[in-house]
> 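Can you keep this structure in mind? I'll have questions shortly.
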Amino acid sequence: MRLPAINYQQPRNLQEALDLLNSHGTDCAILAGGTDLLVRMKQRLTTPGHLISLKRLNELSDIQESNGQLRIGAAVRLADILAFDPVKTRWPGLFEAVRSVGAPSIQHSTGTIGGNLCQESRCIFYNQSDFFRGARQTCRKAGGETCFAKEGGSDRCHSAYQSDIAPMLMAMDTTVAIKSKEGERTLPISELFSSVGEHPFTFEDNEILVEIRIADSGPKSGTAYEKLAYRSAIDYPIVSAGVFLQTDGERINKARLIIGAVASAPLRISAAEKILEGSAINDKKALEDSAKSAMKDAEAFIVNNMTQPAEYRAKMVAVVAKRALESALSRAERNDR
Amino acid sequence: MNKLNLEITINDETHSLLVEPNRTLLELLREDLGLTGTHEGCGEGVCGSCTVLMDGEPVRACLTLALEAAGSRIETVEGLADGDELDPLQQEFINHGAVQCGFCTSGMLMSSKGLLLKKQQPEEKDIQAALSGHICRCTGYIKIAEAVAAAAESSSGTSQAQIQQDGSKIDEFQK
């Protein structure tokens, strides 16, 4: 498959990149690792006139920890996150999420964290070659009027956002910094997502994600990420769960459970958090009940947009949620920092 | 489309080329330079056949713009052998029957090479992780993983004689 014709620009610093973004507007795309964008271009799912390469920028490639806060530049490669020791020791859930992306020989040395977060939502009827899609009507995601993922059609797009890293970051206290020519703004990562399948992100065409900031996780806290996929490498998650738990040694003080790959944005399960917060750390039933509540919440969003049946994926939400909760809890118990 | 200048080192040879921005590294290697040892399987980053080393790290040539490789050192399967002498990896692939149809082999070799450059004595799980992004539809991976382990043994500075003196190492390897 060939790439469509493009103009290619390599800005030397962030300011130049922002100027280019501003002048090209909707007709351009930011090229970081390219492992998502170039496939989409080959399939003619997107045909930007201009590519703005981040290759020569070094402002977005820093990863550092200070005062317990972790700051990751948007263009930091996944391999560099895995190699950064504090991530493995202090944010094991993030380590698991990053490690589970793609495969070492592809995403890890090429893919970036910003690219992973800004990947487009996916659907088995949409992420196909031009030829394949040409046999049917155009779906909503591609600008048409129909949706094949929902039986009987739908008035909106039901694509799934399948980033591995986003659910984990949402479970932790994460803010993201976005820049445009006018300046910088920061927002909680949950506000990055619109929950609209056709356009899953809230940022504007002239904006660029520059940094991910993860707050100190605090003592007696634990993080965990669980992913279900048919292949351990390459595959996107069928369902996934990111968990943050904080205890006082006896009870769970704070809980966050985020389910990934079921909706057009990572899905926060407030019902599960209500069950968990205040319950004793050895309360097995609370874990079971919160995992079940995740399944109930997620069920409403899951449609047949992957090769696996929706019913199976809904059941598996409870399984991955429980695994992630158990893993995060045992880490919280061991973490007496 | 305007063609742009590209300086690139491929298998220790520096090229100065004019390329179109939508040219992938894979197209550059195969079509412009005639290095057809790097194969195109899926063209979407799923199969791993087109893997080459960019500054020592495995990358998908099908998902790398040629211009993004500017200034980099690229190594392809053609650069592995030293004249008539095969790289230990190539030799062990032959010894272990790790090649059947051969389509995935150049990608497997390059990812394995990338691993051995980083870690001279990889554990089994390192080998499995390094090859996890590759698809082989013939051999079933076991022979390939064994060939990489054997190549690591033979090229990690430990000569065959030394291995034989050290019985424990042989036992460990045979497990």
Side-chain angles (χ1 to χ4, degrees), chain A residues 1-10 28-29 31-45 47-56 77-80 82-83 99-112 115 127-129 132 229-236, chain B residues 1-6 19-27 31 40-72 107-108 110-115 118 125-135 141:
Chain A
M1 275 181 296
R2 304 276 169 175
L3 285 164
I6 34 164
N7 281 306
Y8 173 86
Q9 276 150 320
Q10 262 188 3
C28 76
L31 176 66
T35 56
D36 182 48
L37 177 66
L38 295 181
V39 178
R40 289 167 42 77
M41 285 172 65
K42 283 187 171 188
Q43 294 178 331
R44 304 299 187 269
L45 295 172
T47 47
H50 302 267
L51 273 191
I52 300 176
S53 165
L54 302 185
K55 185 182 158 69
R56 285 168 71 187
R77 301 180 319 157
L78 302 184
D80 297 329
L82 295 176
R99 189 181 52 188
S100 77
V101 178
S105 56
I106 164 165
Q107 279 85 357
H108 294 184
S109 56
T110 312
T112 63
N127 292 89
Q128 299 286 354
S129 65
F132 179 104
Y230 275 6
R231 243 180 115 190
S232 63
I234 299 291
D235 271 4
Y236 288 88
Chain B
M1 261 183 306
N2 285 336
K3 288 194 174 188
L4 300 173
N5 272 316
L6 170 66
V19 298
E20 287 170 340
N22 65 347
R23 202 89 171 134
T24 62
L25 179 58
L26 181 65
E27 290 159 0
E31 295 167 26
E40 175 165 24
C42 65
E44 297 176 2
V46 175
C47 76
S49 297
C50 65
T51 303
V52 299
L53 294 185
M54 186 156 124
D55 297 323
E57 305 235 34
V59 297
R60 299 291 210 252
C62 75
L63 292 186
T64 305
L65 285 186
L67 290 171
E68 291 277 297
S72 299
M108 292 276 188
M110 297 322 290
S111 270
S112 309
K113 185 76 185 172
L115 170 69
K118 261 203 194 120
K125 65 173 171 46
D126 298 324
I127 297 173
Q128 285 172 352
L131 297 179
S132 63
H134 293 260
I135 291 175
Y141 309 102

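Side chains included, hydrogens not; waters and symmetry mates left out as well; all remaining heavy atoms used. Protein chains get the first letters and strands the later ones, always in sequence-line order, with residue 1 at the start of each. All figures in this text were calculated on a predicted structure; none of them were measured in a lab.
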> Out of A:T110, A:L31, A:T35, return the one with the most heavy atom pairs under 4.5 angstrom to chain B.
A:L31
> Counting heavy-atom pairs under 4.5 Å to chain A, which of B:L63, B:L65, B:V46, B:N22 comes out on top?
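Result: the option with the highest number of such pairs is B:N22.
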> Just how far is it from atom OG of B:S132 to atom CZ of A:R231, taken to the nearest 0.5 Å?
7.5 Å
> Could you check whether B:E31 pairs with B:R23 (Lys NZ or Arg NE/NH1/NH2 to Asp/Glu carboxylate O, under 4.0 Å)?
yes
> Give the member of B:T51, B:I135, B:T64 that has the highest number of heavy-atom pairs under 4.5 Å with chain A.
B:I135
> Please classify the contact of A:R56 with chain B as side chain, backbone, both or neither, using a heavy-atom distance under 4.5 Å.
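Interface part for A:R56: neither.
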> Name the region of B:L4, side chain, backbone, both or neither, that has any atom closer than 4.5 Å to a heavy atom of chain A.
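Side chain of B:L4 only, per the 4.5 Å heavy-atom cut-off to chain A.
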> Measure distances from B:E20 to the heavy atoms of chain A and classify the residue's part below 4.5 Å as side chain, backbone, both or neither.
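Looking at B:E20, nothing touches chain A.
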> How many angstroms lie between atom CD of A:Q43 and atom OG of A:S129, to the nearest 0.5 angstrom?
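A:Q43 atom CD to A:S129 atom OG measures 6.5 Å (nearest 0.5 Å).
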> For chain A, find which of B:E40, B:E68, B:E57 contributes the most heavy-atom pairs closer than 4.5 angstrom.
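Most heavy-atom pairs under 4.5 Å with chain A: B:E68.
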> Should A:L78 and A:T112 count as side-chain neighbours, where that means a heavy-atom distance under 4.5 Å?
no
> With a 4.5 angstrom heavy-atom cut-off, could you sort out which part of A:R99 is near chain B: side chain, backbone, both or neither?
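No part of it gets close to chain B.
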> State the CZ-OG distance between B:R60 and A:S109, to the nearest 0.5 angstrom.
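Separation between the atoms: 9.0 Å.
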> Select, from B:L67, B:T24, B:N2, B:L26, the one with the greatest count of heavy-atom pairs under 4.5 Å involving chain A.
B:L67
> Report the distance from atom CG of B:L53 to atom OG of B:S72, rounding to the nearest 0.5 Å.
11.5 Å
> Which heavy-atom pair separates B:P58 from B:G114 by the least distance, and what is that distance?
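Minimum heavy-atom contact is CD-CA, 4.4 Å.
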> At a heavy-atom separation under 4.5 Å, does B:C62 approach chain A through its side chain, its backbone, both, or neither?
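Backbone plus side chain of B:C62, per the 4.5 Å heavy-atom cut-off to chain A.
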> Quick check for you: to the nearest 0.5 Å, what is the distance between A:N127 atom CG and A:Y236 atom OH?
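Output value for this atom pair is 7.5 Å.
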> What part of A:I234 is in contact with chain B, defined as an atom under 4.5 angstrom from a non-hydrogen atom: side chain, backbone, both or neither?
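The side chain, not the backbone.
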> Between B:L115, B:V59, B:L131, who has the most heavy-atom pairs with chain A when the cutoff is under 4.5 Å?
B:V59
> With a 4.5 angstrom heavy-atom cut-off, which part of A:L51 approaches chain B: side chain, backbone, both or neither?
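Looking at A:L51, just its side chain touches chain B.
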> For A:M1 and A:K42, which heavy atoms make the closest approach, and how far apart are they?
O-CE, 3.6 Å
